[in-house]
Amino acid sequence: MKEIESWLGLEVGNVFKAILDFGLKLAIAIGIFIVGFWLAKVISKGIVKVLTKRETEPSLITFLASLTRAVIKILVVITAITQLGVEMTSFVALLGAAGLAIGMAFSGTLSNFAGGVMILFFKPFKIGDFINVQGEEGFVDQILIFNTILKTFDNKVIILANGAVANNTIVNYTKADKRRVDWHLGIAYGDDLKVAKEVLFKFIKEEKRILQDPIPFVGVGELGDSSVNLVVKAWVSTDDYWDVFYALNERVYN
């Protein structure tokens, strides 16, 4: 035993004590890690339930829930590392030294976070809106701290970085209460223009979902090579846009 102590330069009892102390600290750190991550999940779900009951805007609910979960996880990691005996001053100094490199490496991530904040502050769209951004169209399904998730008509999922979304042109088709529907319909040269316009105005009047204020418009839009192309413009409630568009197309065809 003395030979071992001489070789190690330490007393065996102190070695065992050090191992036991570190093992205990490691067990506590792992416990903090597991419980902390579980609490992050539970608390974020609790926030969702509370804010949903208070009828908070869905986009703000998902953003706050994901932000809270991320902050708690960061605090848990710091607490667990501290439990292992790493001094907070040393840890903060280490973070400061690595801050510049991390900031450069994650500049895109920080930009996405800032973009998410901008989206929630200025509210160019909310969950459920149908938008076009970066050449992608879909219904807003979730607004997270780094990403905005869209779902298309055919149920494809599109994940967009918030930084790019906030800094690009956004077309929101459902933000306004009313939308104008445009049709481009052709008649042959020699057909009676007056009759064509009367028929179209009759269809518009009979379609109850078309609003009469602003007044619908029917006129000649273009003299094509083989047809006279009429333009029909009418206003509808945003929710009725596609139904009215397809319905009048079908009726004109029939």
Side-chain angles (χ1 to χ4, degrees), residues 36-77 102-103 105-182 209-211 235-249:
F37 272 51
W38 175 77
L39 282 175
K41 184 178 180 180
V42 171
I43 292 173
S44 64
K45 285 185 177 180
I47 289 174
V48 171
K49 289 182 180 179
V50 171
L51 295 180
T52 301
K53 287 182 180 179
R54 294 183 179 181
E55 298 182 350
T56 305
E57 187 177 328
S59 55
L60 184 60
I61 293 176
T62 56
F63 185 89
L64 289 177
S66 57
L67 178 60
T68 300
R69 187 164 54 249
V71 170
I72 292 176
K73 286 182 177 180
I74 292 172
L75 293 176
V76 167
V77 171
I102 293 174
F106 290 94
S107 59
T109 301
L110 295 176
S111 173
N112 291 335
F113 175 78
V117 174
M118 295 288 286
I119 290 169
L120 286 172
F121 183 77
F122 291 106
K123 297 181 179 179
F125 55 80
K126 63 182 185 301
I127 289 178
D129 282 352
F130 186 75
I131 66 172
N132 180 310
V133 61
Q134 292 185 275
E136 303 289 351
E137 287 187 346
F139 292 95
V140 180
D141 185 56
Q142 294 183 69
I143 303 174
L144 304 176
I145 58 176
F146 299 123
N147 304 103
T148 292
I149 299 176
L150 307 182
K151 279 192 176 180
T152 63
F153 279 115
D154 54 349
N155 211 32
K156 289 185 292 189
V157 176
I158 301 173
I159 301 174
L160 301 172
N162 282 340
V165 171
N167 289 288
N168 274 277
T169 301
I170 300 170
V171 180
N172 191 329
Y173 295 105
T174 51
K175 192 174 183 67
D177 294 332
K178 295 187 294 185
R179 282 187 66 188
R180 194 185 73 190
V181 190
D182 294 351
R209 291 169 294 186
I210 291 179
L211 305 175
W235 289 84
V236 298
S237 296
T238 299
D239 292 341
D240 293 331
Y241 180 89
W242 289 111
D243 290 338
V244 173
F245 177 79
Y246 292 126
L248 190 64
N249 271 343

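Bear in mind the structure is a predicted one, so any value in this text is a computation, not a measurement. Nothing fancy with the numbering, it's 1 onward along the sequence.
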Does any pair with a residue in residues 39-52 pass side-chain hydrogen bond (donor to acceptor under 3.5 Å, both in side chains), and if so which ones, sequence neighbours excluded? Ser44-Arg69

Among residues two or more places apart or on two chains, list those pairs meeting salt bridge (Lys or Arg N to Asp or Glu O under 4.0 Å) that have a residue in residues 238-248.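 Sorted result for residues 238-248: empty, none.
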
Nearest heavy atoms of Gly36 and Ile72, plus distance in Å: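 Answer, listing the atom of Gly36 first, then Ile72: O-CG2, 4.0 Å.
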
Search all heavy atoms of Lys178 against all heavy atoms of Thr238 and return the closest pair with its distance. N-OG1, 3.4 Å

Name all residues meeting the side chain to side chain donor-acceptor pair (under 3.5 Å) criterion together with Asp129; count only those two or more places apart in sequence or in a different chain, and write none if there are none. Lys126, Asn172, Thr174

Would you please name every residue forming a salt bridge (Lys or Arg N to Asp or Glu O under 4.0 Å) with [X], sequence neighbours left out?
X: Lys123; result: Glu57
X: Lys53; result: none
X: Asp182; result: Arg180
X: Asp154; result: Lys156

Rounded at 0.5 Å granularity, tell me how far [atom1] in [X] sits from [atom2] in [Y].
X: Leu211; Y: Asp177; atom1: CG; atom2: CG; result: 10.5 Å
X: Ile119; Y: Phe125; atom1: CD1; atom2: CZ; result: 4.0 Å
X: Ile145; Y: Ser66; atom1: CD1; atom2: OG; result: 4.5 Å

Who are the ring-ring contact (aromatic ring centres under 6.0 Å, His included) partners of Phe130, not counting sequence neighbours?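 ring-ring contact (aromatic ring centres under 6.0 Å, His included) list for Phe130, sorted by chain: Phe139, Phe153, Tyr173.
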
Can you list everything that forms a ring-ring contact (aromatic ring centres under 6.0 Å, His included) with Phe121? Sequence neighbours excluded, please.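 ring-ring contact (aromatic ring centres under 6.0 Å, His included) check on Phe121 returns nothing, list empty.
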
Considering residues at least two apart in sequence or located in another chain, which fulfil the side chain to side chain contact (heavy atoms under 4.5 Å, CB included) criterion with [X]?
X: Val42; result: Trp38
X: Ala247; result: Glu207, Arg209
X: Leu160; result: Val133, Gln134, Glu136, Leu150, Ile158, Val165

Please test Asp141 against Val157 for side chain to side chain contact (heavy atoms under 4.5 Å, CB included), starting from the C-alpha separation and ending with a verdict. CA-CA 9 Å; Asp141 185 56; Val157 176; over 6 Å; no

Asn162 and side-chain hydrogen bond (donor to acceptor under 3.5 Å, both in side chains): which single residue from Thr148, Asn147, Asn112 fits?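 Per the side-chain hydrogen bond (donor to acceptor under 3.5 Å, both in side chains) rule, the option paired with Asn162 is Thr148, out of Thr148, Asn147, Asn112.
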
Look at the rings of Trp242 and Phe245 and say which category their plane angle falls in: under 30° parallel, 30 to 60° tilted, over 60° perpendicular. perpendicular

